[in-house]
Amino acid sequence: QLQFVESGGGLVQPGGSLTLSCTASGFTTDRYAIGWFRRAPGKGREVVTCISSSGMSTRYIDSVKDRFTISRDNAKNTVFLQMNSLKPEDTAVYYCAATSESAYYGGSCAPTGLGDFAYWGQGTQVTVSS
């Protein structure tokens, strides 16, 4: 089955840090742009950040800029999300998915672009609470 497997979630206090991992199962990721998404309780899924296939280009939503960092290791088929200065509003299930490089540069890393992504994983829960 072609999908991502997310890991690294957990319970953390406000101001704390977590690093999430997203590893491809059944395919290689080096030709794809990858995105991290989240679904907070009672809300729809939203894009958080994306990275191009080479890792040279990244995009973030405003609420996580300067706090979250996306990176990738194509040799390991893995994408990472380093999350610092976590806030209660970051509580959500976090997912990753892939899209084509052309879709990434065409603007798919946006609220209207979720349909361009594939190979969704089961997600990993992040809870920020004291």
Quick one: salt bridge (charged side-chain N to carboxylate O under 4.0 Å, His left out) pairs with a partner in residues 42-61, sequence neighbours left out? Arg38-Glu46
Salt bridge (charged side-chain N to carboxylate O under 4.0 Å, His left out) pairs touching residues 66-80, sequence neighbours excluded, are Arg67-Asp90
Please step through side chain to side chain donor-acceptor pair (under 3.5 Å) for the pair Gln82 and Thr19, ending with a clear verdict. CA-CA 4 Å; Gln82 173 69 44; Thr19 300; 2.4 Å; yes
Indicate if [X] and [Y] have the same hydrophobic cluster label, given that clusters are the connected sets of ILVMFWY residues with side-chain heavy-atom separations under 4.5 angstrom.
X     : Y      : value
Val5  : Val48  : no
Val47 : Tyr104 : no
Trp36 : Met56  : no
Val93 : Trp120 : yes

Taking ring pair (Phe, Tyr, Trp, His ring centres under 6.0 Å) as the definition, give me every residue that meets it alongside Phe4, ordered by chain and number, with sequence neighbours left out. Phe27
The criterion is ring pair (Phe, Tyr, Trp, His ring centres under 6.0 Å); which residues satisfy it with Phe117, sequence neighbours excluded? Phe37
Less than 3.5 Å apart, any donor N or O on the side chain of [X] or [Y] sitting next to an acceptor on the other?
X      : Y     : value
Thr23  : Asn77 : no
Gln3   : Ser25 : no
Tyr119 : Thr29 : no

Shortest non-hydrogen contact between [X] and [Y], atoms and distance:
X      : Y      : result
Ser130 : Pro14  : N-CD, 3.7 Å
Ala110 : Gly107 : CB-O, 3.4 Å
Ala40  : Thr91  : CB-O, 3.6 Å
Tyr105 : Ser57  : OH-CB, 3.4 Å

Kindly check if the number of other-residue, nucleotide or ligand heavy atoms within 6.0 Å of CZ (Arg31) is above 12? no
Gln122 atom CD, neighbour heavy-atom count above 12 within 6.0 Å: no
Side chains of Glu6 and Tyr94, heavy atoms from C-beta outward: is any pair under 4.5 Å? no
Is the shortest heavy-atom distance from the side chain of Ser21 to the side chain of Phe80 under 4.5 Å? yes
Could you check Thr78, Ile51, Thr99 and say which one makes a side chain to side chain contact (heavy atoms under 4.5 Å, CB included) with Ile34? Ile51
By the ring-ring contact (aromatic ring centres under 6.0 Å, His included) test, which pairs, at least two apart or in different chains, include something from residues 51-70? none
Side chain Asn74, main chain Ser54, donor-acceptor under 3.5 Å: no
For the atom pair NZ (Lys87) and OG (Ser63), what is the distance rounded to the nearest 0.5 Å? 7.5 Å
Could you tell me the separation between the CD1 atom of Ile61 and the SG atom of Cys109, rounded to the nearest 0.5 Å? 9.0 Å
Evaluate the side chain to side chain contact (heavy atoms under 4.5 Å, CB included) criterion for residues Val12 and Ser17: first the C-alpha distance (whole Å), next the side-chain angles of each, then the deciding distance (0.1 Å), finally the verdict. CA-CA 7 Å; Val12 62; Ser17 298; over 6 Å; no
Please enumerate all residues that pass side chain to side chain donor-acceptor pair (under 3.5 Å) together with Thr127, with sequence neighbours excluded. Gln125
